[in-house]
*Asks:* 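This is the structure I want to talk about, given as structure tokens.
Values reported hereafter were calculated over all heavy atoms of this structure, with side chains retained and with hydrogens, waters and symmetry mates removed.
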Amino acid sequence: PLAPFSNPNPPSGTWVQPSLAGGVVVVPPFVFGFDVDGFVQWSAPNLPLYLGVVGGSTGAGPRSADASSALAKLLRSPRSA
């Protein structure tokens, strides 16, 4: 069964529970989480549980795409069959 992310207690930065309504993509050494509103999060290299860490020196972080960005448009576009 799937389990929710839990706080990995990073050495720096603040952990925020990830919102992953849009999906998860793994491109080693990173894990990317996508929300349906264009919000993207990425983990620290080789530390997938650091998805959701904001700030600090781990390398993890979030980015919010505004409505005019290509990423937001891509995430909102209908899927072709």
*Asks:* Within the distance-only criterion (no hydrogens, no angle test), does the side chain of Ser43 pair as donor or acceptor with the backbone N or O of Ala60 below 3.5 angstrom?
*Replies:*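 Looks like no, no N/O pair under 3.5 Å.
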
*Asks:* Working to the nearest 0.5 angstrom, can you tell me the gap between Thr58 OG1 and Trp15 CH2?
*Replies:* 13.5 Å

*Asks:* Can you classify the ring geometry of Phe32 versus Phe34 as parallel (below 30°), tilted (30 to 60°) or perpendicular (above 60°)?
*Replies:*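 Phe32 vs Phe34 ring planes: parallel.
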
*Asks:* Any heavy-atom pair between the side chains of Val53 and Thr14 that's under 4.5 Å?
*Replies:* no

*Asks:* Show your working on side-chain contact (heavy atoms from CB on, under 4.5 Å) between Leu20 and Asp35 and close with a plain yes or no.
*Replies:* CA-CA 5 Å; Leu20 305 175; Asp35 197 352; over 6 Å; no

*Asks:* To the closest 0.5 Å, what do you measure between CD (Gln17) and CG (Asn7)?
*Replies:* 9.5 Å

*Asks:* Hey, any chance Leu47 and Val24 share a hydrophobic cluster, counting ILVMFWY side chains that come within less than 4.5 Å of each other, even indirectly?
*Replies:* yes

*Asks:* Should Leu49 and Leu51 count as side-chain neighbours, where that means a heavy-atom distance under 4.5 Å?
*Replies:*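 When only atoms from C-beta onward are counted, Leu51 and Leu49 do not touch, as no gap falls below 4.5 Å.
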
*Asks:* List the atom of Trp42, the atom of Gly59, and the distance in Å for their closest heavy-atom pair.
*Replies:*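 Smallest heavy-atom distance, with atoms named: NE1-O, 3.1 Å.
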
*Asks:* For residues Gln41 and Pro18, report the shortest heavy-atom separation together with the two atoms involved.
*Replies:* OE1-CB, 3.4 Å

*Asks:* Can you name the nearest heavy-atom pair linking Tyr50 to Pro10, along with the distance?
*Replies:*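 For Tyr50 and Pro10, the tightest heavy-atom pair comes out as OH-CA, 3.6 Å.
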
*Asks:* Looking at Phe39 and Pro62, what are the two nearest heavy atoms and their distance?
*Replies:* CZ-CB, 3.4 Å

